[in-house]
Amino acid sequence: MPANSYSIPSPGSLSLPRFLHTTCAYHAKKGKKHKPKVNVDMSADDGILDLEELKRDMQKVIEALKQDYTKSLSIRTSQGSLDHIMVPTSDGKFPLNQLGQITSKSASLITVNLNVSGFPQATEAAAKAIRESGMNLNPKVEGGIIQVPIPKISKEHRENLAKSAKVMCDKSKVSLRNVRSKYVSMVKKHKEGTSKDTLFQLEKQIQQITDNFSDAAEQLLAAKTKDLLGK
């Protein structure tokens, strides 16, 4: 599948002022009440909270969302977009490109030849996997060859993909909140021997980083929605 045409600021560089300013601007556009920014460059107590580890854990969630958008949500079906569709076989699940030779015959047709790789018995399972891939494809089986007509993109299909993008984004934000809860619990374990002010500052830092990454997920959603709807 062609590379995405949009660019999203990387939360991996959250310490950069540009991204923090972007976050503030995003809240302003959404009409959210402005809140003072919390410094997330240095932990209020690095013996209790490693901010870089927290950011890495949240970055993994954002990277997973990017991969989901790339693999599952595309209005441009191409030879490469079928490669990693998983096909169940008697020996386990395998990517489609390991079971068959995928070829673009034209802008409107892709073929998958399972005879070449010696897996003709997986043809029906492969066709079903393509059909259920969420790419609005209706493959036809001819012997050990699967013909995959590329449909014209309808407005309804674009809108359904955009809805799927929203669901994926919401799930990623739930994952971010789960990461947040994990680190807040870690901080609370240090109640004994740590000042209330320090604990409060640590929790504010965790929340600030969570907000930053949630904003990044929303920006990915906005860009993907624009791409899918062609606006």
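Remember, it's a predicted structure, so these values are computed and weren't measured experimentally.
- Tested against Ile102 for a side-chain contact (heavy atoms from CB on, under 4.5 Å), the candidates Ile85, Asn113, Leu96, Val148 yield a single pass: Leu96.
- With sequence neighbours excluded, the residues forming a salt bridge (charged side-chain N to carboxylate O under 4.0 Å, His left out) with Lys166 are Asp170, listed by chain and number.
- The hydrophobic clustering, which links ILVMFWY residues whose side-chain heavy atoms are closer than 4.5 Å, places Val184 and Leu202 together.
- A donor-acceptor contact closer than 3.5 angstrom links the side chains of Thr198 and Ser195.
- Not counting sequence neighbours, the partners of Arg177 by the side-chain contact (heavy atoms from CB on, under 4.5 Å) test are Lys173, Val174.
- Checked by atom type and distance alone, the side chain of Gln205 pairs as donor or acceptor with a backbone atom of Ala44 at under 3.5 Å.
- Taking the side chain as every heavy atom from C-beta outward, Val112 and Gln101 never approach each other to under 4.5 Å.
- A chain of hydrophobic side-chain contacts below 4.5 Å, direct or via other Ile, Leu, Val, Met, Phe, Trp or Tyr residues, connects Ile146 to Ile150.
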Fill in: side chain to side chain contact (heavy atoms under 4.5 Å, CB included) assessment of Leu82 paired with Ile110
CA-CA 9 Å; Leu82 304 183; Ile110 294 175; 3.7 Å; yes

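- Remark: side-chain polar atoms of Thr89 are paired, donor with acceptor, to backbone N or O of Asp91 under 3.5 angstrom.
- Of the charged side-chain nitrogens involved, at least one lies within less than 4.0 Å of a carboxylate oxygen, so that Asp57 and Lys182 count as a salt-bridged pair.
- Atom CZ in Arg158 sits 13.0 Å away from atom CG in Leu73 (nearest 0.5 Å).
- Distance check: Glu53 CD to Ser43 OG gives 11.5 Å after rounding to the nearest 0.5 Å.
- Inter-residue side-chain proximity for Glu159 and Leu229 is flagged as met; some heavy-atom pair is nearer than 4.5 Å.
- Distance NZ/Lys204 to CG/Asn39: 11.0 Å, rounded to 0.5 Å.
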Fill in: Derivation and outcome, side chain to side chain contact (heavy atoms under 4.5 Å, CB included), residues Leu221 and Leu65
CA-CA 9 Å; Leu221 172 61; Leu65 179 61; over 6 Å; no

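- Side-chain atoms of Thr194 do not come within 3.5 Å of backbone N or O of Lys191 as any donor-acceptor pair.
- Take Ser181 and apply the side chain to side chain donor-acceptor pair (under 3.5 Å) test, not counting sequence neighbours, and it matches no residue.
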Discussion item. One pair to check against side chain to side chain contact (heavy atoms under 4.5 Å, CB included): Leu220 and Ile62. What are the steps and the verdict?
Written reply: CA-CA 9 Å; Leu220 277 173; Ile62 297 300; 3.8 Å; yes

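- From Lys140, atom NZ reaches atom CG of Leu109 across 10.0 Å, with rounding to the nearest 0.5 Å.
- In this structure, Ser172 OG and Tyr69 OH are separated by 6.5 Å, a value rounded to the nearest 0.5 Å.
- When hydrophobic clusters are built by joining Ile, Leu, Val, Met, Phe, Trp and Tyr residues whose side-chain heavy atoms come closer than 4.5 Å, directly or via intermediates, Ile130 is grouped together with Phe94.
- Checking Leu176, Leu54, Val61 one by one against Phe213, the side-chain contact (heavy atoms from CB on, under 4.5 Å) holds for a single residue, Leu176.
- Here the straight-line distance linking atom CD1 of Ile48 with atom NZ of Lys189 works out to 13.0 Å at 0.5 Å rounding.
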Discussion item. Between Arg131 and Asn138, does the side chain to side chain contact (heavy atoms under 4.5 Å, CB included) criterion hold? Intermediate values first, please.
Written reply: CA-CA 6 Å; Arg131 193 175 294 112; Asn138 187 27; 3.8 Å; yes

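- Hydrophobic clustering of Ile, Leu, Val, Met, Phe, Trp and Tyr side chains at less than 4.5 Å, counting indirect connections, unites Met186 with Val40.
- Electrostatic pairing of Lys66 and Glu63 counts as a salt bridge here, judged by a charged N lying under 4.0 Å from a carboxylate O.
- Defined by atom type and a distance below 3.5 Å, a donor-acceptor pair is present between the side-chain atoms of Gln208 and Asn212.
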